[in-house]
Amino acid sequence: MIEKNYQPADIEGRMSLVWEDARAFRAGRPDRRDAKPFTIVIPPPNVTGSLHMGHALNNTLQDILCRFERMRGRDVLWQPGTDHAGIATQMVVERQLMERQQPGRRAMGREKFLERVWQWKDESGGVIINQLKRLGASCDWSRERFTMDEGLSRAVVKVFVELYRDGLIYKDKRLVNWDPKLLTAISDLEVQQVEIKGSLWYLRYPIEGKTFSPDDPKSFIVVATTRPETMLGDTAVAVHPDDERYRPLVGKRVVLPLVGREIPIVADAYSDPEKGTGAVKITPAHDFNDFEVGRRHDLPQINVLDKEGHLALVDNEDYLRGLPEGSAEFAREFHGVERFAARKRIVERLQDFGFLERIEPNTHMVPHGDRSGVVIEPFLTDQWYVDAKTLAQPAIAAVRSGRTRFVPQNWERTYFEWMENIQPWCISRQLWWGHQIPAWYGPDGRVFVAETEEEAISHALGYYVEQEVITSEQGREMALDRNKREGFITRDEDVLDTWFSSALWPFSTLGWPADTPEVKRYYPTDVLVTGFDIIFFWVARMMMMGLHFMKEAPFSTVYIHRLVRDEKGAKMSKSKGNVIDPLGVIDEYGADALRFALARGAAQGHDIKLSPQLVETNRNFATKLWNACRFAEMNDCAVAEDFEPANAKETLNRWIAHETARAMREVNEALEAYRFNDAANAMYRFVWNVYCDWYVELAKPALTGADGPAKAETRAMVAWARDEILKLLHPFMPFITEELWEVTGRRDTLLALSPWSVEPGALPLDVAAMSRDAQVPDVLLTYAANFADFSAEAEIGWVIDLITAVRSVRAEMNIPPATLTALVLAGASEETRERAPRWSEVIRRMARLSDISFADRAPEGAVQLLVRGEVAALPLKGVIDLAAERARLDKEIAKADADIKRVDAKLANEKFVANAPEDVVEEEKEKREVAVARKEKILEARERLKDAS
RNA sequence: GGGCACGUAGCUCAGCGGGAGAGCACUACCUUGACAUGGUAGGGGUCACAGGUUCGAUCCCUGUCGUGCCCA
């Protein structure tokens, strides 16, 4: 029994358990051993995360694909899991410690702190997984993985070691993006450029050998800078080689104000003559461009900041080298000053001595850390890098050759653009939570990279014995006795960028580096579904790692979806307060409603605008489906065992079979092309506007009439079409369809595991064309021919048109629904005379008619309608306003005239007749004939009206 | 500055070479035997603008204006 009211909350809770008990989503089910696998890896959400609309969309789309393919018989693996999210998680736990006024991370020490993070993960890390289950995600939950679990960590170590041995990972001292708040390096991608209204300071650098005077422009060179505080680390001034103004100065030296360091004026094309003064200060240790200039001119790199962004001058050998007497005092004065305070004080000091020429307002881009929000400091440190340029080559080739394609395709351009200009990937992070880098340092700082400490020590001992740093006797003792080698090598403190482990996700989750059956069966995956914001972070890196280690691209298709926005199109954000919480919406309207709303909006290349009201609309659709199924149940509709829809005799039943086949085709084609919105909208229309509005209504007479073959067939067909609807909708609305499937019949299997329908839709429904194609098997030809039932379409189409026309004119004439009118079919054809009695009951009910009769001509003063070229008359003499009816007909005539005129204009155009394809010309001629016939009939009707008055 | 999109009904969007479409909102009417979380009907658009290609342009091309995003 179907409950009277649709209550999503009850159904969804129960169905989750049903699926779980049946292990419905397990990959490798015995019954699918021979099936083709279908694999998707979930973009692993952060363990710290909770489900937001972006997740809801992303996972709804993946689930639609997985359920679709599962029903199509594939052995589906949707691999779930979570990401350890280095910085984010470490921050969450640190914040928690602070809130609870417990000792901080550093006070705790690394080991204790990590224990604490794991504890947090065990308690809170499962939240998002449960939320995904509430959404209906059909992941194989038994295979859930975590980027820091044992197996995945093994993969990370192996990859690091192999890439190191291949020379694709290396350690280098260069400028990195340094986050002075989080005290770690971050990658280029984690840096956000923010437009800042700042200033451009024009500084006078005195030329060596001249007496500096602010009034004597010959005694100095003016440089413009946005970061005056870094001038303490300047090691040159650069001018453009072609810049005539400065040519005589190249090769000369300037004396750095306040500092006293003598630095050269160099010619370098980096300096832009149009910008500022055309002369720029060069600070190789604090600016990426200056770093390159410094390399070209062999300039020293002087770092004047510490890790927290404070000036570090005292005991700074690089800074103090070669400075004149008395500079130590200045160093002491400014040592330890925070960078922005230092900026202010240095500018003041420069001004005091006449070195500041002027200040201009200047808007420019300033790098910020995406996690910390503070200004990023280009900082000279030792870090580990991946040679991304080398790894990118096969990844570019895979997309170029089409082995991996992007949907929509225009993302390929973005991908190529980035991949072709890829920079070395900084992978070391000065954090504790993450995969610690498998590198150890010997007493002299030499690096030993190995999968385990044992392996590292053996390499180290071998090396140092060979180098005669230790004797072979010492080496042997240390190898045997753990205590004796204590502290001989020390492990690198840093951990890897979180994205390093996510890059391995498509194969590490399958058990790699072990040679598991899963790796063989499920790699490469079929499709990756993700947002454009992580193409670089994640997609590109999976491509690189997958191709390098598996020799095959990790997925054949990358489907890129867009953002979910609020109803006004604004990005959802906590600060704007316009965030729609998916769980709140699920509580109120059900997961199916949310999923369907998202799917219907998921047009390629478009953001999705979502409002609670939109979800409500889709909940209403679910209710409609619910009630349609109740109707079927109340009328004892069930699919008989030997029922074959293609053999239906009743016209109406043949018609709905045809329409159902069309819906199947639409859904199949749309989903195969990743057009989720087209598939969902096709079902929305089919269920509501075809099945409910017309089929069910037109079927009522048969269902409530006398028993017999027609009634039996109609009952079966109502049930058959319902079952097809449940199947076709299941990928989008899994809960309600599974529930209805269960309660509406004796089922062999869960709907989630039911076979997708035979696919007449996979064939063109142009039967004539099909029969010419020798490739099409006879069985399918028969099937398609039976479904493409044009005669049924003609008859039911006539019924629908007639009812619609009568309703329309009744509304226009303000005839209240309670008033029943008679209908006279005037001059009806043989066909119509046959059809009308068959449909008289429904037509009367739906069009509010008292009686249907035939006549040669429409009665006097009747309202006359044209239905498929024939006149249907409502004898309403005395009821209606004749003048209004005349006006209505005049409008109709005018419309027909306009049509005729338009076509005539075309046909009169010789060039049109000569150039347009024959069938188009033919079509126009037909249109004209139809319009002319129409006009004649209406003219006749108008004449009859004249007679009446 | 470079790149990618997008301007179609009040809103959200579909259509993408041959008669302007859907959903929501709006208006009017209706408790009819699955459903008022419903039914029926209706109003509403020089398809951003200007050129070009074409027998024919909302659709293809160019430009302009406007909007959004990504990268420097």
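Everything quoted here is computed from the prediction, not taken from an experiment. The chains referred to below are lettered A, B, ... by the order of the sequence lines, with proteins before strands, and numbering in each begins at 1.
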- [ ] Using a heavy-atom cut-off of under 4.0 Å over every strand shown, decide if E633(A) touches base, sugar-phosphate, or nothing.
- [x] nothing
Task: Y684(A) side chain, from C-beta outward: closest of G39(B), G19(B), G23(B) - done: G23(B)
- [ ] Side chain of R413(A) only, please: which of G19(B), A34(B), G3(B) is the nearest?
- [x] G3(B)
- [ ] Would you mind telling me which of G33(B), G18(B), G23(B) lies closest to the side-chain atoms of R600(A)?
- [x] G23(B)
- [ ] Produce a footprint string for nucleotides 7-15 of chain B: one letter per nucleotide, 5' end first; B if the base is under 4.0 Å from any protein heavy atom, S if only the sugar-phosphate is, - if neither.
- [x] -----SSS-
TODO: Please tell me which of the listed nucleotides, A34(B), U32(B), U37(B), lies nearest to the side chain of V696(A)?
DONE: A34(B)
Open item on the list: Whether W411(A) contacts G3(B) is assessed here as follows: a side-chain N or O lying under 4.0 Å from the phosphate OP1 or OP2. Is that the case?
Closed with: no
Task: C1' atoms of U8(B) and U58(B), separation to the nearest Å - done: 7 Å
Open item on the list: Determine whether a donor-acceptor pair (one donor, one acceptor, N or O, separation below 3.5 Å) exists between the side chain of E697(A) and the base of A34(B).
Closed with: yes
Open item on the list: Considering every strand and a 4.0 Å limit on heavy-atom distances, what is the contact class for P917(A): base, sugar-phosphate, or nothing?
Closed with: base
TODO: Measure the distance from CE on M846(A) to P on G33(B) and round it to the nearest whole Å.
DONE: 14 Å
Task: Distance in angstrom units between N627(A) CG and A36(B) P, rounded - done: 7 Å
Task: salt bridge (charged side-chain N to carboxylate O under 4.0 Å, His left out) partner of D897(A), chosen from K891(A), K935(A), R934(A) - done: K935(A)
Open item on the list: In this structure, how many angstroms lie between the C1' atom of G68(B) and the CG atom of L563(A), rounded?
Closed with: 11 Å
Open item on the list: Given U40(B), C29(B), C24(B), identify the nucleotide with an atom nearest to the side chain of D693(A).
Closed with: U40(B)
- [ ] Mind checking E910(A) for me? I need base, sugar-phosphate or nothing, with any heavy atom below 4.0 Å counting as a touch.
- [x] nothing
- [ ] Scan R902(A) against the nucleic acid and name what it touches under 4.0 Å (heavy atoms): base, sugar-phosphate only, or nothing.
- [x] base
Open item on the list: Starting the side chain at C-beta, find the nucleotide from A41(B), C55(B), A25(B) nearest to A916(A).
Closed with: C55(B)
Open item on the list: If the cut-off is 4.0 Å, is N814(A) near the phosphate of C29(B), judged by side-chain N/O to OP1 or OP2?
Closed with: no
Open item on the list: Quick check: any donor-acceptor pair below 3.5 Å linking the side-chain of R619(A) to the base of U37(B)?
Closed with: yes
